[in-house]
Structure formats: C-alpha cells, structure tokens
Amino acid sequence: MGNELFGGRDVGNTPSFKEQAYALIKDAILFNRFRVGAIYSQEAICTELGISRTPVREALLELQKDGYVSFCRGKGVQVVPVSQTMAHDILEARLYAERVNAELAAVRATQQERDYLVQTLKDLQENLEGRDGQLLYRVDHRFHRGVAAAAHNQLMYRQSEVLLDHYLRFEVKSVYNNSIDGKIVFEEHVAILDAIQSGNGERAKQAMEKHLTNSYRRTVSQFWP
C-alpha cells in the first residue's frame, strides 16, 4: 500500500492478517509515524491498512501486552511513552546483552554469518551519504541482529530483538543525518566486526561496549540534558 502512516510498506508479506497488522503498526511506532500522545481509532487503522477489525484488534491487544500501546476507552489506542526510567533499563540491558553477543559471536560465528555482517556494513557505508535515517537505522539494527544470531543462543537472540525494538522508540535517529556523526557510528561498527573476524572475544566485547556506551551518551544528552 502506498500509505504514509505505515511507511508505504506492503501488507501482503506476512502469513496472517494479524501478523501483518502487528508488524506495520509496530513499525509506525518505532519510526515515530504514530506520535506519542495522539489517539488513533481502530476504524482509521483498519481503513489505512485495508485489514478487517478483528485481526487489527488482536494485533493491538498484543502490542498492548508488549508495552507499545494502551487502549483509551471509547476513543482508540495511544502510544505508550518511554519514561526515563524505562529508557535507562533498556539501555542498561542492551549494554549487558550485546557485549555477550559480540563475545560469543567472535568464537561461534560461521563463515556465512561473518559474510552477512560484512555485507551489512557495506550496505551501511554505501548509504551513509544519502542520510536516510530510517533506512540507515534498519541496516544498523540488521548488523546488531546479525551479531546476536552469530552468538548461537536462541534465548539471548530473542531478548536482543526485544531490546533493539524498544530502543528504537527513543533512539537518537538524527545521528545518521550528520555525515561526521554517521561516519563515527559506522567506524564503531567496523571495530566490532574486526574483532569478531579476528576471533577475539574480549576485544569484540570491548568494541561493543564502547559503541553502546557512546550511543547511551548520545541518547541521554538528546532527551535528558
């Protein structure tokens, strides 16, 4: 569908209508097309998506359970704001989880997984000049998911996915709009990959810690100066 609210994404790529609705609504929240504080009627969402009421309501109930929206009785749904306390918890959990992911990936990653990480950073580098923040953050998070997958721990991978998604809700999405800052972030990713490629778990952990600590500082200074 060529709609603006849901990023022009096609609704026909996932197995069920509920899953389609869930993915598209969550994406609209993560990339701020759904504004915090605004109330959206279920009818308007159904019309926008071209999906009937029941699967949309099921998707919204799941999004409520996952902490993204709350129901406003008789009005619709509202995006749940990320509090400073919640943001701190997400940042802290991400720091601990992803350090371990990087350390394990350095010793467990297959060649195919290493090649995937290399290609992801090539995609990131090739798109830096375009300064399309949404595209660049999608690629950025593909890299982090790739590191988590290469750690070969399914429980940690699922937790990392949850943390990455919630982190996007308040992440400083303006970083990639600045060519200097974008290049710095890219080089931090390169350092992580270099350590993984070398099989050095301790160095990979340290590189990831440095990257996420810098991300933490950028986010805190942006939202809570």
Side-chain angles (χ1 to χ4, degrees), residues 6-10 13-14 19-20 22-33 66 68 90-91 93-95 97-106 108-179 181-197 204-205 207-212 214-216 218-219:
F6 296 102
R9 295 178 65 193
D10 187 354
N13 293 330
T14 48
E19 289 167 340
Q20 292 172 32
Y22 180 94
L24 289 165
I25 296 168
K26 186 169 84 168
D27 191 80
I29 294 169
L30 297 183
F31 287 97
N32 307 123
R33 293 188 296 278
D66 293 342
Y68 289 100
I90 293 167
L91 285 161
R94 188 181 174 197
L95 177 62
E98 292 208 64
R99 285 190 307 180
V100 176
N101 288 342
E103 183 177 21
L104 293 177
R108 295 180 178 177
T110 65
Q111 188 57 53
Q112 183 178 11
E113 288 163 342
R114 294 171 192 269
D115 291 344
Y116 175 83
L117 293 174
V118 169
Q119 184 58 54
T120 302
L121 288 196
K122 283 182 181 177
D123 292 344
L124 191 61
Q125 185 176 36
E126 288 171 2
N127 286 285
L128 279 177
E129 291 303 316
R131 301 184 192 177
D132 181 341
Q134 183 168 317
L135 170 63
L136 289 165
Y137 268 105
R138 290 189 192 281
V139 180
D140 181 312
H141 281 222
R142 269 174 42 207
F143 176 81
H144 284 274
R145 282 177 163 83
V147 173
H152 291 269
N153 184 306
Q154 285 299 312
L155 288 175
M156 288 173 56
Y157 178 80
R158 288 197 292 271
Q159 186 59 43
S160 296
E161 279 204 309
V162 170
L163 290 169
L164 283 165
D165 282 345
H166 279 293
Y167 190 82
L168 261 181
R169 296 171 65 189
F170 61 92
E171 190 160 9
V172 184
K173 298 186 182 72
S174 62
V175 168
Y176 282 117
N177 295 336
N178 180 303
S179 61
D181 290 342
K183 191 172 188 314
I184 290 171
V185 175
F186 171 74
E187 293 298 336
E188 291 172 359
H189 284 87
V190 169
I192 296 166
L193 178 58
D194 284 347
I196 291 172
Q197 291 279 54
K205 182 173 72 173
M208 182 65 80
E209 180 172 7
K210 179 180 178 181
H211 170 54
L212 294 179
N214 288 340
S215 177
Y216 180 99
R218 284 188 291 266
T219 300

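Worth saying up front: this structure is predicted, and the values here are computed from it rather than measured.
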- Donor on one side chain, acceptor on other, Asp123 and Gln119, under 3.5 Å: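 Short answer, yes.
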- Does one side chain, of Glu113 or His152, offer a donor that lies under 3.5 Å from an acceptor on the other?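 Result is yes, a qualifying pair exists.
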- Flag yes if more than 12 heavy atoms outside Glu129 fall under 6.0 Å of its CD atom; otherwise flag no.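 Atom CD in Glu129 is not packed in, count stays at 12 or less.
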- More than 12 foreign heavy atoms under 6.0 Å from CD of Gln112: is that the case here?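 Incorrect, the count does not exceed 12.
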Over all heavy atoms of both residues, which pair between [X] and [Y] is shortest? Give the atoms and the distance, please.
X	Y	answer
Ala106	Ala204	CB-CB, 4.1 Å
Ala109	Arg114	O-NE, 3.4 Å
Ile196	Ala105	CG2-O, 3.9 Å
Val139	Leu124	CG1-N, 3.8 Å
Ala97	Ser160	CB-OG, 4.5 Å

What I'd like to find out is whether the side chain of [X] reaches to under 4.5 Å of the side chain of [Y], using heavy atoms alone.
X	Y	result
His211	Val185	yes
Met156	Leu104	yes
Val147	Glu98	no

Atom pair [atom1]/[atom2] of [X] and [Y] - distance to nearest 0.5 Å:
X	Y	atom1	atom2	answer
Arg131	Asn178	CZ	CG	6.5 Å
Thr120	Arg142	OG1	CZ	4.5 Å
Leu128	Phe186	CG	CZ	6.5 Å
Arg108	Asn101	CZ	CG	10.0 Å
Leu121	Tyr116	CG	OH	10.5 Å
Gln159	Leu163	CD	CG	4.5 Å

- Item | Short N-O contact, Glu126 and Lys122, less than 4.0 angstrom |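 No.
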- Item | Contact list for residues 150-162, test salt bridge (charged side-chain N to carboxylate O under 4.0 Å, His left out), sequence neighbours left out |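 Pairs touching residues 150-162 that pass the test: Arg145-Glu161.
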- Can Tyr167 and Leu212 be said to form a side-chain contact (heavy atoms from CB on, under 4.5 Å), step by step? CA-CA 11 Å; Tyr167 190 82; Leu212 294 179; 6.0 Å; no
- Task: Could you walk me through whether Phe170 and Ile90 pass the side-chain contact (heavy atoms from CB on, under 4.5 Å) test, one step at a time?
- Result: CA-CA 10 Å; Phe170 61 92; Ile90 293 167; 3.8 Å; yes
- For Glu209, check salt bridge (charged side-chain N to carboxylate O under 4.0 Å, His left out) against everything at least two apart and list the hits.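 For Glu209, the residues satisfying salt bridge (charged side-chain N to carboxylate O under 4.0 Å, His left out) (neighbours in sequence not counted) are Arg99.
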- Item | Audit row: Asp27, Arg138, salt bridge (charged side-chain N to carboxylate O under 4.0 Å, His left out) steps and yes/no | CA-CA 11 Å; Asp27 191 80; Arg138 290 189 192 281; 2.9 Å; yes
- Yes or no on side-chain contact (heavy atoms from CB on, under 4.5 Å) for His144 and His189, after CA distance, side-chain angles and deciding distance? CA-CA 9 Å; His144 284 274; His189 284 87; 3.2 Å; yes
- Message: Walk me through whether Val190 and Gln125 qualify under side-chain contact (heavy atoms from CB on, under 4.5 Å).
- Response: CA-CA 10 Å; Val190 169; Gln125 185 176 36; over 6 Å; no
- Query: Got a sec, which residues hit side-chain hydrogen bond (donor to acceptor under 3.5 Å, both in side chains) with Tyr68, two or more places apart in sequence or on another chain?
  - Reply: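 Tyr68 satisfies side-chain hydrogen bond (donor to acceptor under 3.5 Å, both in side chains) with no residue once adjacent residues are dropped.
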- Task: Would you mind telling me which of Asp132, Asp140, Asn127 makes a side-chain hydrogen bond (donor to acceptor under 3.5 Å, both in side chains) with Tyr176?
- Result: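 Testing each of Asp132, Asp140, Asn127 against Tyr176, the sole residue satisfying side-chain hydrogen bond (donor to acceptor under 3.5 Å, both in side chains) is Asp140.
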